[in-house]
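Numbers here are sequence positions counted from 1.
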Amino acid sequence: MEDRLRELADRLRGPARLKADLLTEARHGLLDAVEAYRADGLTAAEAERRAVAEFGSPAQLVPGWQAELAVGALRGLSLRVLTMASVLVAAGDLTWRGSSWSVNGPHPPARYQLLSSSVNVIWLLALALAAAGLLLVPMAARSARPELAALVRLVGAGLTGSLLLGVLSGAGLFGWSVLLWDAAVTWPPMIIGAVLASAGYLWVAGAARNWLLAVR
């Protein structure tokens, strides 16, 4: 029984908590079956062998469980992106309050303004994808239809791509702001915004990693 559980643990990939819950449920099911066979008079070893044989092979169990892990990973990724994108869309502009161009100074270059607008668009797109992911999760959890599994992959890929674009464009915008505004590196809102955004990116990246492992 322990060998079968270890084999399943080695082959499953995805969110650690959900994976642990699946394995715990499997352990309880196997133990119940072993107890039932022992009550019928079988030895402990024979009871375990029968329970494991009835439980199913990894080839039979892993695909369904891995699909469940992928859905769980999409839920975690969607929740984190939803939180991150909401904060950035609502409060992102506060970082530049007090900049030379927001008071009386000359406006920044047109390409800078385009990049700034693009960052907002990227996170708005991420927000929409995260909402779609959360709507998709309960449907995919109740059904094994292949088109839903494909949608899980599509939305997860979109969220991961938007995260990557958001990080790159945000970092580029921050660096460009420093070049345009000498006081940027000492301006408290800019410093606080950079620290919080970096922490948020790492937080969301952990969920993206779980999703990539689950669908690999």
Side-chain angles (χ1 to χ4, degrees), residues 1-85 126 129-164 199-216:
M1 188 178 72
E2 294 300 328
D3 289 342
R4 176 54 50 84
L5 290 172
R6 277 194 295 270
E7 188 175 3
L8 288 170
D10 289 341
R11 295 182 61 173
L12 292 172
R13 297 287 184 273
R17 182 177 297 179
L18 180 55
K19 176 180 172 179
D21 288 345
L22 288 173
L23 292 171
T24 297
E25 185 178 346
R27 181 183 296 277
H28 290 164
L30 284 168
L31 288 173
D32 289 343
V34 169
E35 288 180 7
Y37 281 124
R38 290 295 304 276
D40 288 340
L42 296 181
T43 65
E46 182 59 27
E48 279 201 30
R49 278 194 291 270
R50 289 205 183 183
V52 168
E54 282 189 356
F55 189 67
S57 67
Q60 295 170 316
L61 297 171
V62 167
W65 287 9
Q66 194 59 60
E68 188 173 345
L69 285 169
V71 172
L74 177 63
R75 180 179 183 276
L77 178 58
S78 296
L79 283 172
R80 292 195 186 190
V81 171
L82 186 68
T83 302
M84 180 78 173
L129 285 170
L134 290 176
L135 291 174
L136 177 62
V137 163
M139 293 187 291
R142 292 193 299 265
S143 174
R145 293 165 59 186
E147 55 267 30
L148 288 177
L151 277 175
V152 167
R153 287 178 172 268
L154 183 62
V155 173
L159 285 170
T160 304
S162 65
L163 172 62
L164 181 59
Y201 291 149
L202 291 174
W203 181 58
V204 178
R209 177 181 180 276
N210 280 334
W211 180 80
L212 289 170
L213 287 174
V215 298
R216 186 178 62 184

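- Among residues two or more places apart in sequence or in another chain, the side-chain contact (heavy atoms from CB on, under 4.5 Å) test is passed with L135 by none.
- In this structure, the side chains of P15 and R75 stay at 4.5 Å or more apart for every pair of heavy atoms.
- Note that the OG1 atom of T160 and the CZ atom of R209 stand 13.0 Å from one another [nearest 0.5 Å].
- With hydrogens and angles ignored, the 3.5 Å screen pairs no side-chain donor or acceptor of K19 with any backbone N or O of L69.
- Applying the salt bridge (Lys or Arg N to Asp or Glu O under 4.0 Å) rule to R11 yields no partners; only residues at least two apart in sequence or on another chain are considered.
- Side chains of R216 and L213 form a contact here, defined as non-hydrogen atoms less than 4.5 Å apart.
- Among residues two or more places apart in sequence or in another chain, the side-chain contact (heavy atoms from CB on, under 4.5 Å) test is passed with R80 by W203, V204, A207.
- The distance from atom OH of Y201 to atom CG of L164, rounded to the nearest 0.5 Å, is 11.0 Å.
- For the atom pair L129 CG and L134 CG, the distance stands at 11.0 Å (nearest 0.5 Å).
- To the nearest 0.5 Å, the span separating CG on L30 from CZ on F55 amounts to 4.5 Å.
- For the pair A208 and L163, the tightest heavy-atom approach, listed with the atom from each and the gap, is CB-CD2, 4.0 Å.
- L82 contributes atom CG, which lies 10.0 Å from atom CG of L159 (distance to the nearest 0.5 angstrom).
- Residues N210 and L77 are not in side-chain contact: their nearest non-hydrogen atoms beyond the backbone lie 4.5 Å or more apart.
- With sequence neighbours left out, the side-chain contact (heavy atoms from CB on, under 4.5 Å) criterion links L151 to L136, L148, L154.
- D10 places none of its side-chain heavy atoms less than 4.5 Å from the side chain of E7.
- Counting only residues at least two apart or in different chains, salt bridge (Lys or Arg N to Asp or Glu O under 4.0 Å) contacts with residues 44-58 comprise E46-R49, E46-R50.
- The two residues A214 and A70 make their nearest non-hydrogen contact at CB-CA, 3.7 Å.
- Taken to the nearest 0.5 Å, the OH atom of Y37 stands 12.5 Å off from the CG atom of D32.
- Inter-residue side-chain proximity for P58 and V62 is flagged as met; some heavy-atom pair is nearer than 4.5 Å.
- Contacts of L31 classified as side-chain contact (heavy atoms from CB on, under 4.5 Å), with partners at least two apart in sequence or in another chain: M1, R27.
- With a 6.0 Å radius and a threshold of 12 heavy atoms from other residues, nucleotides or ligands, E25 has its CD atom at or below the threshold.
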